[in-house]
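Report on one structure; see the data block that follows.
Along the sequence shown, the residues carry numbers beginning at 1. Please read these numbers as outputs of a predicted model, since none were measured by experiment.
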Amino acid sequence: MGTFRRNDQVIVIAGDDRGKSGRLLKVFRDKDRVIVERVNFVKRHTRARSAGQQGGVIEREAPMHVSNVMHLCAKCQMGVRITVKKTAEGKRERFCKRCGELIPRVL
Ligand SMILES: [Zn+2]
């Protein structure tokens, strides 16, 4: 779980959305769950709360377990495992275990 950060590019490796990739919108560290942009849509029924507001069905991304996603390496173009290494400057950075490419942290 520790290596996933918001805005990371991931690929879904299990479930109905297997093979889809997207950006991590949210990481629920305590629950081991993540929300991936445009993946795992669920329909939610809403009721009109005030006059002029429409009830209906909205679709939203639902959280999924972190074991269903892998980091997407831009170079490998596939789901990869990550290794964390200290750089020469003493910063802890994440690297693709397969090709060694830096997995940048996007803020
Ligand atoms: Zn790679």
Side-chain angles (χ1 to χ4, degrees):
M1 181 63 191
T3 59
F4 287 100
R5 301 279 183 268
R6 197 158 67 90
N7 291 333
D8 281 352
Q9 288 291 333
V10 299
I11 184 159
V12 180
I13 54 164
D16 293 341
D17 287 317
R18 186 148 52 121
K20 285 189 186 171
S21 58
R23 193 163 59 92
L24 285 186
L25 296 180
K26 235 173 181 174
V27 177
F28 302 98
R29 207 152 292 290
D30 48 334
K31 294 190 188 110
D32 280 352
R33 283 178 180 271
V34 294
I35 292 180
V36 186
E37 188 174 39
R38 309 198 58 73
V39 171
N40 199 25
F41 272 107
V42 290
K43 287 193 170 77
R44 249 213 208 131
H45 298 268
T46 58
R47 197 180 291 193
R49 287 207 179 82
S50 59
Q53 198 187 354
Q54 268 193 353
V57 183
I58 53 165
E59 289 194 86
R60 275 237 69 145
E61 295 98 338
M64 64 169 76
H65 197 261
V66 69
S67 62
N68 292 336
V69 301
M70 283 182 94
H71 285 278
L72 181 66
C73 172
K75 204 168 164 191
C76 299
Q77 280 299 309
M78 61 185 289
V80 296
R81 289 176 179 278
I82 290 291
T83 178
V84 178
K85 278 190 240 163
K86 253 189 187 166
T87 62
E89 299 89 52
K91 268 171 78 182
R92 285 166 64 82
E93 293 282 11
R94 302 168 303 163
F95 295 89
C96 170
K97 236 178 192 169
R98 192 166 176 272
C99 72
E101 187 80 354
L102 175 78
I103 308 288
R105 172 112 187 245
V106 186
L107 295 176

Checklist entry - C96 versus I103: any side-chain heavy-atom pair under 4.5 Å? => result yes
Checklist entry - Between atom NZ of K75 and atom CD of E101, what is the distance when rounded to the nearest 0.5 Å? => result 4.5 Å
Item to check | Stepwise side-chain contact (heavy atoms from CB on, under 4.5 Å) check, E59 with V42 | outcome: CA-CA 5 Å; E59 289 194 86; V42 290; over 6 Å; no
Checklist outcome for this item: Interatomic distance, NZ@K26 vs CG@N7, rounded to 0.5 Å, equals 13.0 Å
Next on the checklist: Whether K91 and E93 form a salt bridge (side-chain N of Lys/Arg under 4.0 Å from carboxylate O of Asp/Glu) is what I want to check.
Outcome noted: yes
Next on the checklist: Minimum heavy-atom separation for S67 and I13, please, with both atom names.
Outcome noted: O-CD1, 3.6 Å
Item to check | Separation of S21 OG from Q9 CD (nearest 0.5 Å) | outcome: 6.5 Å
Checklist entry - Ion pair present between D17 and K20, side-chain N to carboxylate O less than 4.0 angstrom? => result yes
Next on the checklist: Donor-acceptor check, side chain of D32 to backbone of V66, threshold 3.5 angstrom: yes or no?
Outcome noted: no
Checklist entry - Can you tell me if T46 uses its side chain to pair, donor with acceptor, with the backbone of G56 under 3.5 Å? => result yes
Next on the checklist: If I compare all heavy atoms of G100 with all of F95, which pair ends up nearest, and what's the gap?
Outcome noted: O-CD2, 3.3 Å
Checklist entry - Taking all atoms of both residues into account, what is the closest heavy-atom pair of C73 and V80, and its distance? => result CB-CG2, 3.6 Å
Checklist entry - Counting N and O atoms only, with roles assigned by atom type, does the side chain of E61 sit under 3.5 Å from a partner on the main chain of R38, one being a donor and the other an acceptor? => result yes
Next on the checklist: Between R29 (side chain only) and F4 (backbone N and O only), is there a donor and an acceptor less than 3.5 Å apart?
Outcome noted: yes
Next on the checklist: Hydrophobic clustering (ILVMFWY, side-chain heavy atoms < 4.5 Å, transitive) - are V36 and L72 grouped together?
Outcome noted: no
Checklist entry - Hey, does K43 have a side-chain heavy atom less than 4.5 Å from the side chain of I58? => result no
Checklist entry - With a 4.5 Å heavy-atom cut-off, do M64 and V69 have their side chains touching? => result yes
Checklist entry - Is the backbone N or O of V27 less than 3.5 Å from a side-chain atom of R33, with the two atoms forming a donor-acceptor pair by type? => result no
Next on the checklist: Assess whether a salt bridge exists between D8 and R105, defined as any Lys/Arg side-chain N lying under 4.0 Å from an Asp/Glu carboxylate O.
Outcome noted: no
Next on the checklist: Is there a path of hydrophobic side-chain contacts, each under 4.5 Å between heavy atoms of I/L/V/M/F/W/Y residues, joining V39 to V10?
Outcome noted: yes
Checklist outcome for this item: Here the gap from L102 atom CG to R94 atom CZ, rounded to the nearest 0.5 Å, amounts to 8.5 Å
Checklist entry - Closest approach of C76 and R98, non-hydrogen atoms and distance? => result SG-NH1, 3.3 Å
